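Comments concern the structure below.
These numbers come from a predicted model, not from an experiment. Letters go in sequence order (proteins before strands), and every chain restarts at 1.
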Amino acid sequence: MKPILELKNVTKRYTGFTLDRVSFALEPGYIMGFIGPNGAGKTTTIKLIMNLIRPDEGEIKIFGLDHRRHEQEIKQRIGFVYDESNFYDTLTTTEMTKVIAPLYKNWDWAAYRKYTEKLALPDRKKLSQFSRGMKMKYALALALSHRAELLVMDEPTSGLDPVVRSEFLDILRDVIQDERCSVLLSSHITSDLDQIADYVTLINGGRIVFSESKEELLEEYALIKGEKSLLDSGLREYVVGLKESRFGFEGLVTNRAEVQRFVGSRAVLERPNLEEIMLYCLRGNGNDHAGA
Amino acid sequence: MITLVLKELLVQKMMVGPVLLYILVFSFAFRNTGDAQAVAIVTAVGYMFVMLCGAWDEKVNADRLWNSLPVPKWQIVGARYLALLVYTVLVAPLTTAVLALLTSAGIIKAAGAASLVNALAGVGAVMVLASLFLPLYFAFGYTKSRVLNMLVFVGSFSLSTIVSSSVSKQPAWIAALDRLGGAVVAVGAVGLVAVIAVLSFFVSLKLYSRREF
């Protein structure tokens, strides 16, 4: 199956930061979580995908089309939600929607009404009176009302309270099941992605650390806790990230099955969540002697 | 394109609503400018529109929105020029009416100024001023272009002073224009403004296409 979104060796240079040969692909019908710490290059990558900035090198294909040459055609089929609202505060949602709707060939007023109802969005209220959560929900309603095949979301849940965040994610999950569209969702709140992502791409310092299916990641990696002596008996070569204390160590290892055979009952292996995978992958093998 | 023009006018509801108030204020502010009163009012109100459009777009980082939507850049740029034209063409007869009313009520003396031709000359003036400012705006964004805008504004007024002083001496080219007749001069002026605006549009588009958001 052709990827719906494909980046190949995409590079963007700024003074003091380089997005360095970023490559990953998203298959149709899946949700990809795009994670990384602040300043890792998530927003820069999304800006490149949306053609808001130009790459210095590399290739971006969306729906199999060059993202610059076929920009208008591609944007007809993309929905987007950004980390902050770019809507005019002086307008009501109805006015703002009346401006945006005619720009999409496949705009579906019935879908728009369905989502605004579902999201409890008032139509006569000015956007200046909307909370951040409501603005995000409005952006989601717009993104879903023109039969988009790809949703691009840049930290849509950051700054939202847990209730609104959960509501936002529920709707997103329902939509993906019903509409079968693909999603690239950047977030540093990995618990959101634990719930809904099929694939996870980790970026750090402008470089892709990994881009894999979430299930494979969770099968491949394991959290391990044990005595320090175990580390020097050959375990270190499996360790991705490590936290040592005077009592022992805990860390993330790769090749879970092999490590299980290697350590036997000498250590405890647990299934990690995305946050733990991200933190240990970024931490590396450097000892910080936590808890010492 | 029409949608984007509508957007410009909708966003500026606060400008469209109290426009009568602005015209009244400028009627008094420019009461000593003689026949140029209507030109000055339409220019001032129109230029406020240009600046406020820019300020609102900057406030919400609207470039990111419009450039993420399926809208070609030429429409984003063109809509600003067209919206300004629509807005000032609506303001022109309103200005004439307000000046005529104030004059008939004996509040100000604007008999000569209260003509639609004078007000429409204001449309031309604001289009020329905007044609100087908008390429800077589309190249650098609102905040940076505000400084450059001051230079454009000061430069334009200095130029107009120089032109007025040369008019008072009645140079040969003015006399030649007089001989051509009002209609020919008007058509020529409209043509000249249109050429300036179109050239400005293409420069703005080129500069805007280079920008990153």
Side-chain angles (χ1 to χ4, degrees), chain A residues 12-14 43-44 46-56 67-68 70-92 94-107 126-128 135 138-139 142-143 146 148 150-154, chain B residues 1-19 48-49 51-80 82-83 86-87 138-143 205-213:
Chain A
K12 178 72 181 173
R13 295 184 193 90
Y14 291 107
T43 297
T44 304
I46 283 177
K47 281 183 173 180
L48 284 161
I49 291 167
M50 294 303 292
N51 200 22
L52 296 172
I53 55 176
R54 288 177 288 277
D56 294 318
H67 87 305
R68 294 189 67 193
H70 299 273
E71 182 180 8
Q72 298 308 317
E73 187 186 337
I74 287 169
K75 284 181 177 171
Q76 284 288 347
R77 299 161 68 187
I78 290 185
F80 59 89
V81 179
Y82 294 143
D83 55 343
E84 57 183 46
S85 161
N86 298 113
F87 304 121
Y88 296 93
D89 285 349
T90 48
L91 303 187
T92 62
T94 306
E95 288 168 336
M96 192 72 224
T97 309
K98 276 185 183 162
V99 170
I100 288 176
L103 304 174
Y104 288 107
K105 288 176 191 159
N106 289 328
W107 183 265
K126 278 190 178 178
L127 283 153
S128 58
K135 282 180 183 171
Y138 174 61
L142 287 179
H146 59 95
L150 171 65
L151 293 182
V152 176
M153 303 190 166
D154 187 14
Chain B
M1 182 74 144
I2 292 165
T3 303
L4 293 182
V5 173
L6 175 73
K7 176 268 292 183
E8 301 281 7
L9 298 174
L10 268 176
V11 171
Q12 296 302 321
K13 271 187 298 186
M14 55 182 270
M15 258 311 269
V16 176
V19 70
M48 275 175 73
F49 177 83
M51 297 308 287
L52 283 173
C53 280
W56 272 110
D57 278 4
E58 181 87 357
K59 188 184 172 206
V60 298
N61 194 5
D63 283 322
R64 192 163 75 146
L65 173 70
W66 299 115
N67 285 281
S68 299
L69 288 164
V71 189
K73 286 190 170 58
W74 71 265
Q75 288 193 9
I76 299 172
V77 173
R80 184 60 48 91
L82 209 54
V86 170
Y87 180 75
F138 282 111
F140 303 109
Y142 177 70
T143 309
L205 180 59
K206 190 157 181 81
L207 296 169
Y208 193 62
S209 301
R210 285 185 194 162
R211 257 179 79 188
E212 296 195 322
F213 307 98

Check: [Y] main-chain N/O paired with [X] side-chain donor or acceptor under 3.5 Å:
{"X": "B:N61", "Y": "A:N86", "answer": "no"}
{"X": "B:R64", "Y": "A:K47", "answer": "no"}
{"X": "B:E212", "Y": "A:L52", "answer": "no"}
{"X": "A:K75", "Y": "B:N67", "answer": "yes"}

| request: Counting only heavy atoms closer than 4.5 Å, note whether A:K105 contacts chain B via side chain, backbone, both or neither. | output: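 For A:K105, there is no contact with chain B at all, as no heavy atom is under 4.5 Å.
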| task | Using non-hydrogen atoms and a 4.5 Å limit, figure out which bit of A:F80 sits close to chain B: side chain, backbone, both or neither. | result |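 For A:F80, side-chain heavy atoms alone lie under 4.5 Å from chain B.
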| message | A:H67: which residues meet the ring-ring contact (aromatic ring centres under 6.0 Å, His included) condition with it, sequence neighbours left out? | response |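 ring-ring contact (aromatic ring centres under 6.0 Å, His included) list for A:H67, sorted by chain: empty.
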| Could you go step by step and tell me if A:Y82 and B:L65 meet the side-chain contact (heavy atoms from CB on, under 4.5 Å) rule? | CA-CA 9 Å; A:Y82 294 143; B:L65 173 70; over 6 Å; no
| message | Out of A:R54, A:E73, A:M50, return the one with the most heavy atom pairs under 4.5 angstrom to chain B. | response |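 Of A:R54, A:E73, A:M50, A:R54 has the most heavy-atom pairs under 4.5 Å with chain B.
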| said: So for atom NZ, which belongs to A:K98, do other residues, nucleotides or ligands contribute more than 12 heavy atoms lying within a distance under 6.0 Å? | reply: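 Result for NZ/A:K98: open.
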| side-chain contact (heavy atoms from CB on, under 4.5 Å) with B:A139: which residues, sequence neighbours excluded? |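 Applying side-chain contact (heavy atoms from CB on, under 4.5 Å) to B:A139 gives B:L207.
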Which atom pair, heavy atoms only, marks the closest approach of [X] to [Y]?
{"X": "B:F213", "Y": "A:I53", "value": "N-CG2, 4.1 Å"}
{"X": "A:V99", "Y": "B:T3", "value": "O-CG2, 2.7 Å"}
{"X": "A:Y88", "Y": "B:W66", "value": "OH-NE1, 3.0 Å"}
{"X": "B:P70", "Y": "A:Q72", "value": "C-OE1, 2.9 Å"}
{"X": "A:L91", "Y": "B:L10", "value": "CD2-O, 3.7 Å"}

| Hey, what do you get for CE (A:M96) to NZ (B:K7), rounding to the nearest 0.5 Å? |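 Nearest 0.5 Å value for the CE-NZ distance: 8.0 Å.
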| said: What I'd like to find out is whether the side chain of B:K59 reaches to under 4.5 Å of the side chain of A:T90, using heavy atoms alone. | reply: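 The answer is no, as the side chains (C-beta and beyond) never meet within the 4.5 Å cut-off.
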